[in-house]
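Written out below as structure tokens is the structure these notes cover.
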Amino acid sequence: MRIGFCCKMMSPTGDAAEDKRCNVTTTTLAALRRLDRDGARQKLSAIMETNLGALRRQVDYVAGQPPLERALRISSDMFPAYGHPLGEWFYKDPGVRRRIADELASIGDCARRHDLRLSLHPGQFCVINSVEPATLDNAVKELEYHADIMRWLGYGEGWHPGGAHINIHGGSRAGGVQNFRAGMARLSATARSLLTVENDEVSFGLDDLLPLAEDLPIVVDLHHHWIKSGGEYLQPEDPRLEVVRASWRGVRPMAHVSVSREDLLVGHPADSLPDLPTLAARGIKPRDLRAHSDRMWNNAVNDLVLAHLSWADFEVEAKHKNLAVDDLARHIGRRLAVAPAA
DNA sequence: GAGGGTCAAGTCCGT
DNA sequence: ACGGACTTGACCCTC
């Protein structure tokens, strides 16, 4: 079993220079537009080098963690403007491609050597079931960008190799499950074999995704489900999770966890699960409860994750990233020390 | 260096 | 009709 953090690292001591070395940077299209060819090349090249270095540090860090903590979501910001006319030309340059290929191959080797589980998560603009043709085109392009990264890392062959995946949400309600399948059909075999779909809070809840279990693996987000369902905590024995497990076809499932912000729940006991109806009655808006906490401050939620670790790995969506993963890992360590697994 | 405006993209919700 | 939230808040310009 594994838990991991998403995209970004925080130094425990607040070392700003260290944070900079370990994290990707990006630019804006507006800034690129203001530059001439040479300026844009220099900028994108510098960002590429920074980001390759940052990814290597993150992978090295995770590789040095205990086996429990060997999962990592890679930032989609690795190569800004990759699929956009303002940046596309840069990444087509053979020298640039060679540089990326060399570096990512070596990083991927390190990940495999240390049994890391890697993932990517395109942003909310990637809508594979959009009813808008231009939006759909963008989504396909965006997913192929992510697939290129996985290929370079050495995860381009087979069904979610090493548990690697590219995770998106169900998309728009208007598009529905049918458009989702149609969108998938436009992807390369690599992108299709890496794709997973995650329940969200508004458009596609867990129940809405179940029909897709035959098509691709489902990533369950406990917090999204809690919000969408009006306060239900999924239990490991929930029959729907049997469908989810089967959707992974032999690969260990990935799930997501997060908790509502600690500053919204000041004084809430750390040992009991936040109760959504009670909080709502107190005037706290579900919309605000969606926001993620800094740390894994709630022991009851941590216990729930521990229970679900029987069948799934977890990505921790918390603002303090690796520090929140450390919280959860310590919690799990304490529990297992008291009651060792059979 | 700090502060404030800006930043590619889609969709849904609350007002 | 429009701003805000989602999310990975960070970049970029001006002072």
Side-chain angles (χ1 to χ4, degrees), chain A residues 4-10 16-17 19-20 22-35 39-40 43-44 46-47 50-51 54-55 58 72-88 119-146 149 166-176 179-180 183 198-205 208 221 223-224 227-228 230 256 258 260-261 264 280 283-294 315-325:
Chain A
F5 61 92
C6 305
C7 309
K8 223 188 128 178
M9 276 179 67
M10 281 185 75
D19 281 349
K20 212 170 167 99
C22 292
N23 289 300
V24 303
T25 186
T26 187
T27 184
T28 59
L29 295 188
L32 285 178
R33 210 170 275 129
R34 279 181 227 115
L35 297 168
K43 181 160 200 81
L44 289 171
I47 291 171
T50 297
N51 293 355
L55 180 61
Q58 291 190 359
L72 174 67
R73 184 190 299 174
I74 297 170
S75 170
S76 292
D77 276 341
M78 281 299 294
F79 308 116
Y82 186 88
H84 193 279
L86 281 165
E88 215 164 27
S119 77
L120 285 162
H121 192 10
Q124 66 267 42
F125 304 112
C126 185
V127 184
I128 197 64
N129 74 343
S130 180
V131 294
E132 211 55 58
T135 304
L136 177 57
D137 289 347
N138 279 342
V140 170
K141 210 169 200 185
E142 184 70 1
L143 283 170
E144 294 302 340
Y145 157 53
H146 287 78
I149 294 179
I166 300 172
N167 181 51
I168 58 173
H169 292 289
S172 73
R173 276 206 292 253
N179 275 24
F180 193 100
E198 174 193 351
N199 61 307
D200 65 66
E201 305 103 317
V202 284
S203 302
F204 279 82
D208 305 314
D221 186 307
H223 189 66
H224 291 166
I227 298 284
K228 180 99 167 57
H256 293 174
S258 52
S260 301
R261 294 195 56 79
L264 197 62
I284 302 181
K285 296 193 183 76
R287 157 189 216 123
D288 293 327
L289 289 166
R290 284 164 71 170
H292 297 166
S293 65
D294 290 340
E315 284 178 354
V316 176
E317 296 181 322
K319 292 164 92 77
H320 288 187
K321 309 295 178 183
N322 49 307
L323 305 181
V325 166

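These values consider heavy atoms only, across backbone and side chains, with no hydrogens, waters or symmetry-generated copies.
When heavy atoms are screened at a 4.0 angstrom cut-off, A:A81 is found touching base atoms of the nucleic acid. Residue A:K43 is classed as a sugar-phosphate contact, given heavy-atom separations below 4.0 Å to backbone atoms only. Note on A:T26: only backbone sugar-phosphate atoms sit closer than 4.0 angstrom, heavy atoms only; bases stay farther off. Nucleic acid contact class of A:K20 (heavy atoms, under 4.0 Å, all strands): none. Nucleic acid contact class of A:S203 (heavy atoms, under 4.0 Å, all strands): sugar-phosphate only. At a threshold of 4.0 angstrom between heavy atoms, the contacts of A:N138 with the nucleic acid are absent. Note on A:H169: nothing from the nucleic acid sits closer than 4.0 angstrom, heavy atoms only.
Straight-line distance from the CD atom of A:Q124 to the C1' atom of B:dC12: 12 Å, rounded to whole Å. Straight-line distance from the CD atom of A:E132 to the P atom of B:dT11: 7 Å, rounded to whole Å. What separates OH of A:Y145 from C1' of B:dA9 is a distance of 14 Å, to the nearest Å. Between the CZ atom of A:R173 and the P atom of B:dG10 there is a distance of 18 Å, given to the nearest Å. Regarding A:L86, its CG atom lies at a distance of 12 Å from the P atom of B:dA9, rounded to whole Å. The distance from atom CG of A:L32 to atom P of B:dT6 is 19 Å, rounded to the nearest whole Å. As rounded to whole Å, 14 Å separates atom C1' of B:dA8 from atom CZ of A:R34. At whole-Å resolution of the value, CG in A:D288 and C1' in B:dC13 are 13 Å apart.
For the 3.5 Å distance criterion, the side chains of A:H256 and A:E198 qualify, holding a donor opposite an acceptor.
The partner of B:dC7 is C:dG9, by the rule that a Watson-Crick or G-U pair needs both atom distances under 3.5 Å.
Both A:V24 and A:C7 lie close to DNA chain C; mapped to their nearest nucleotides by heavy-atom distance, the more 5′-ward contact belongs to A:C7. Along DNA chain C, the nucleotide closest to A:A291 and the one closest to A:T27 are compared, and the more 5′ of them pairs with A:A291.
Look at A:F125 and the base of B:dG10; the rings do not stack under the cut-offs of 5.5 Å between centres and 30° between planes.
A sub-4.0 Å separation between OP1 or OP2 of B:dG10 and a side-chain N or O of A:T135 is present. When the side-chain nitrogen and oxygen atoms of A:R290 are compared with OP1 and OP2 of B:dG14, none of them lie within a distance under 4.0 Å.
Comparing the P positions of C:dT7 and B:dG4 gives a spacing of 26 Å, expressed to the nearest Å. Here the separation of B:dC7 from C:dG4, taken at their C1' atoms, is 15 Å to the nearest Å. Across C:dG3 and B:dG5, the matching P atoms stand 15 Å from one another, rounded to whole Å. Spacing of C1' atoms, C:dT8 relative to B:dC13, comes out at 22 Å, to the nearest Å. Comparing C:dC13 with B:dA8, their P atoms are spaced 12 Å from each other, to the whole Å.
Rounded to the nearest 0.5 Å, atoms CG (A:L143) and CD1 (A:I128) are 5.0 Å apart. Rounding to the nearest 0.5 angstrom, the gap separating the NZ atom in A:K321 from the SG atom in A:C22 is 14.0 Å. Distance CD1/A:I227 to CG/A:D221: 10.0 Å, rounded to 0.5 Å. A distance of 5.5 Å separates CZ in A:R261 from NZ in A:K319, rounded to the nearest 0.5 Å.
Taking every nucleotide of DNA chain C with any atom under 4.0 Å from a non-hydrogen atom of chain A, the first and last of them, 5' to 3', are C:dA5 to C:dC13.
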(request) Begin from the C-alpha positions of A:L55 and A:V24 and carry the test side-chain contact (heavy atoms from CB on, under 4.5 Å) through to its verdict. (result) CA-CA 7 Å; A:L55 180 61; A:V24 303; 5.7 Å; no
(message) Using ring-ring contact (aromatic ring centres under 6.0 Å, His included), reason through A:H121 and A:H169 one step at a time and then give a plain yes or no.
(response) CA-CA 9 Å; A:H121 192 10; A:H169 292 289; 5.3 Å; yes
(message) What verdict does the side-chain contact (heavy atoms from CB on, under 4.5 Å) test give for A:I168 and A:H146, after you've listed the backbone C-alpha separation in whole Å, the side-chain angles of each residue and the deciding distance to 0.1 Å?
(response) CA-CA 11 Å; A:I168 58 173; A:H146 287 78; over 6 Å; no
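Side-chain atoms of A:S172 and A:N129, non-hydrogen and from C-beta on, do get closer than 4.5 Å to each other.
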